[in-house]
Peer 1: 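One structure, as structure tokens, below. Some questions next.
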Amino acid sequence: MHSYIRPNTYIALRLPSGTLKVLEIIPNTTISIGKFGAFPSNLLLGRPYYLTFELLDKDEGRATTELRVVPASELHAESFAEDHATPAESRDEPAEGGGEFDIVGEDGELIMRSNRLTVDDPSRQKLSMDEIEELKKAGTGSGKEIIAKIMASHMAIDEKTPFSLAKYTLRKSKKYLRRFTALPMDVSLLSQYILEKEAHRVMELREEMLGLIGSWANVHCAASSRVVSSPDGRGMIGGGRWLVVDDTGGMVVAALAERMGILYPEETLDDGDEDLEQEQGQHQVPEDPTKERKLSSGQDGPGQSAAADTGTDVMMVDAPSPEPPQLLSETLQSDRSNPPNRRSDNTAPSSPPKLPSPELPGRASDGSAKETTDHTHQKSRQPRPIKPQMSALTNTLTVIHSNAQPNLGLLKYFSFDATSPVPTHPLYTNLKTLSWLQLLHPSEDASSIEPEVVPDSVLATWKSGKRGTYYRKRRRWERTSRVVKETRAGGFDGLVVASYMEPAAILRACVPLLRGAAMVVVYSPTVEPLVELSDFHSKERRVAYLARQNNGIENGKNGKRNVEEGAENNEEDGGEADSDFPVNPTLLLAPMLQTARARRWQVLPGRTHPMMTSRGGAEGYLFTATRVLPVEGKVEARGRFRAGKKRKVASDATAST
Amino acid sequence: MAPSPFLDPGPTSTSNTLALLHLKRDLLVPTVLSSAPPTSADDYAEGKVTNTRFGSFPHSTLLNQPWGTQILASKVDTGSRGSKTKKRKRDGGDTPRCIEEDGEEFKGGKNQTAVTARSGFVHLIPPTPEAWTLSLPHRTQVVYTPDYSYILQRLRARPGDCIIEAGAGSGSFTHAAARAVFNGYPDEEPSISTIEPAQNGTTAPTPKRKKRYGKVYSYEFHAPRAQQLASELRGHGLASIVRVTNRDVYNDGFCLPPLQTSSFSTEAPSTLTPQADCIFLDLPAPWLALKHLTRSALSPSTLHSLSSPSTPSPNPTSNLTTQTPPTPSTFQSPLNPAQPTRLCTFSPCIEQVQRTISTLRHLSWHEIDMVEILHKRLDVRRERVGLAEEGLRGANASAATVEEAVHRLREVDGRAKLFHELQMEAKGEDVEEKEGGEGKKEEGSLRGKSKFKVEAEAARLSKQRRLESIKAKAEERPLFKEGRLLHRTEPELKTHTSYLVFAVLPRAWTKEDEERCQKTWGRGVKDS
């Protein structure tokens, strides 16, 4: 997907100093790379990524600024030189003395210069500051001349050891070489970039942790997953839907979306072919039929209506549609009557979407949905091909946010703006957002009130602007109530948390929304919150919890009911959590706490060693566990040693750690 | 064919799919669920049964259960099954039993209902690459989760990509890679959407233009291992995503003949090259495979220079391949020409890394970077310290505070004083008795000693009583929240797995390309 540099996308330029410069590349503009100069953006457009370019200014016979592709052989030239030099030396090297640096061979021949003669004196560089500045102003070549001159005027360049010479050359190249490398903007690069610049913004989330999070959460592309409704018919089980609590400004969402194949706008998915429509068809079609039908059912969801945007005026951006405003349900209505033709504009009509009715989530309300939409049905409008926002059934991310709006600012690097999403971006349909208030107390949410349904005859008399507002409001209400309903119905495939909120409180609310065997992954930059969380799931605590639960059962059904109600309360709400049992410890299996760190090495002939310095700060830790469905009643574990003796433990302690 | 349980396990367990029985965190037992009834007296009366250290689990109790359910063990007579034939005595560590003894004739074709045992349980979970990595049959060194998650992240293996994996080994990376690149089942799409739309209503209708499906091309030198991996993948429903090839990639490269065996995978016969976006080499000598991973045929001089810096190489295979370089006319690059190709090699030794990187530099790879992953798992527990913990398990019974220590010292001191006084008393009596007659003396010493003994006994008893009372109190105490919460690295620590070398090969960029680009985009602001 990053086959060449496309206009109006974000790219990163890596300068010789190693710093990254991220910019949106717009045709016919000038890109400035600080002291190294500037060049027209068109010289980069269309070129492949990962190439290193050298800036050639427009004097010296060149009419314009030019970029020269630096071949790899030139980039590696230095190590090649040593490659041939050092083996020659190292062959004479005695095995035991190979590690010493200041070596004179047995016959007195100088094998490696030692630093015995090194003089620590800045005056050995004969070029003065001003002279160097002048050289720079002259701007000849691509910095190589400057470096060469500096090297040449160093009095004791030949007194340097190969190591210090290499370091010296490297330092000078970093400073003067007018080169840069064009890199594609993807999740790994973004994480590096943000980590260097403002690590706190992404909770100091390092790349290795992103990888671990994705793996342990079992996040993958699930566009072709089956749609299976939950036994109570209110929601779905599985289907590749993940619940996310993200305080990293969208970093975690981006990483997960990348793994699900919904991060990059479709047009960048292919190589060279600009056929947008078709691309969408490819990626999104699988979900559409059910998606849209499901939407209709959300329309009359009793009581759980709520709006994702909490009644602010963001609804205005909610309808970025170029088409005339139109009630979604209308589209659906016509869809239902004529499904095969519906998508004929961008997909082959060969496979009419036929979901078996029992598998259609929330389909019980279909009838009433029809009622609400019947009045609009008379108007025969062409159904528009745009899918409603947040309407995908499978392969979705549901973000729960603590502010009125989700903070997903980093998604802008992938052409997605959460406040005014573009319908062509896969996240438009596959990223769902709702607030904690909407999740836990939908009835208290200000925007939960269903906008009044205005009959068509009245609508026809309205001015178009007013009508538009009316439709927008309806649409927004439909969307949010749908998302709230399906989220509350649960059945998610996993929960990924990277949040400053107390993890136990998040888990108390979210774990019940997970299907059996779903993965729970909690990231924290520091270990303490996760240590506490692990302790809430400790073996001892679980035993105590079970004992209390069983006592409740033995004390009569009342007791049991109390326990259940307690659990219910916990599920419904942050509620008053039991201080001893902030979470139900029996819901998670095999809690594990881990951390990983990549250690970088320098590999050069004869100079291979781990990097001398690296980034400190928060280490980053991960709590992982599996959601399980414990059996009711008393369960006895079987101990390790069963031979002969009936050795039994009156709890599940031994078995399930 | 049903979707792979790795990618879409469905809501409940179904027969003929892989399921994992979770016993302990690092102990998972893979089993293929089966509803087949017993067919002979040798079989269990309950049908297929999986025996674990936490009990026996007839598959009838495992089937059609929501994933993640806690399953109770069943009373399975593992004792006397098929005793008459005495054939399967050691099968699954079970000894046979006689069905007839139970007053039950063997009736084939019907599963006896399982009876729940008094204790024992497991959790039923669907396979994931992580769980599989823990439970797979080891054939070689396994690439564990911390490594493969980082590798796949760095390789940017995304849905729809094609990835080359050489040195498939035990298949842990294979499964993770398949998950990473998966974006649909290539050969099943049409059949499902036409025949069984009900089963899979979400499957895409065939798009107008050919969609690129994610694919793993897996190469393994060792034929039995390749066979086994292929059959595993078939069982896991991943056969259409992974193509396993038994091959020596040092010599034969990565381009594949059109598929003849449908067993390994299926693919359009026209594609001969994997068109790889990502490459993972878990080989002993990755540098020998690199010459096949180029965008164009290598000139003989390059090939020569590749082998020359490492002239002392005693490897005969390298010579072998340099003698048979692919001629430019037949050369086909296994790489995707339209994308940058990312590579990772996985080598335990630093010498391998050095040679690999040297070769990568000669072959014009960019962004060469070497890292190692240090992964730790942490133990969390509560540490209880204090005299009140005396005799309790999992606690430290030394004094928790200075005050406690002082208090204890005073107590001991007082007891010593008492003890000393008693001794003195006994001695005094002795002296007294010495002064008296012989007989009296013996009696007296006995009396003194017994008094001493009684006291000692009392002290012992008091300790016993103390311990008992501590124990009794502990029952009441909420031990799970007492003590200090601590964490430490788990006892088993992998300090080194392998070095990871990463590199990127940009697209080929020729003068013609550059000219074309200049025509399209012009020369920029000032020109336009």
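Naming: A, B, ... by sequence-line order, numbering from 1 per chain. Everything numeric in this text was worked out from a predicted model, so none of it was measured.
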Peer 1: Quick check on the interface: out of A:E258, A:M611, A:R259, A:E532, who has the most heavy-atom pairs with chain B under 4.5 Å?
Peer 2: A:E258
Peer 1: Non-hydrogen atoms of chain B under 4.5 Å away: do they reach the side chain of A:L45, the backbone, both or neither?
Peer 2: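 Backbone plus side chain of A:L45, per the 4.5 Å heavy-atom cut-off to chain B.
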Peer 1: Is chain B contacted by the side chain of A:L183, its backbone, both, or neither, given a heavy-atom distance below 4.5 Å?
Peer 2: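 The answer is the side chain of A:L183.
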Peer 1: Given the options A:R541, A:Q594, A:R14, A:E540, which has more heavy-atom pairs under 4.5 Å with chain B than any of the others?
Peer 2: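 Greatest number of close heavy-atom pairs with chain B: A:R541.
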Peer 1: Check step by step if side-chain hydrogen bond (donor to acceptor under 3.5 Å, both in side chains) holds for A:W601 and B:E372.
Peer 2: CA-CA 8 Å; A:W601 284 62; B:E372 59 176 333; 3.1 Å; yes
Peer 1: Under a 4.5 Å heavy-atom cut-off, does chain B meet the side chain of A:R597, its backbone, both or neither?
Peer 2: both
Peer 1: Hey, are A:R47 and B:D513 close enough for a salt bridge, meaning a charged N less than 4.0 Å from a carboxylate O?
Peer 2: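 No, this pair does not count.
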Peer 1: Given that the side chain runs from C-beta out, which part of A:P27 has a heavy atom under 4.5 Å from chain B: side chain, backbone, both or neither?
Peer 2: side chain
Peer 1: Sort A:P184 into side chain, backbone, both or neither according to what part of it lies under 4.5 angstrom from a heavy atom of chain B.
Peer 2: side chain
Peer 1: Checking A:N42 side chain against B:W521 main chain: does a donor-acceptor pair fall under 3.5 Å?
Peer 2: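 Answer holds: yes.
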Peer 1: Which one wins on heavy-atom pair count under 4.5 Å against chain B: A:N218, A:T181, A:L530, A:V527?
Peer 2: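 Heavy-atom pair counts peak at A:N218.
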Peer 1: For A:S230, which atoms come within 4.5 Å of any heavy atom of chain B: side chain, backbone, both, or neither?
Peer 2: neither
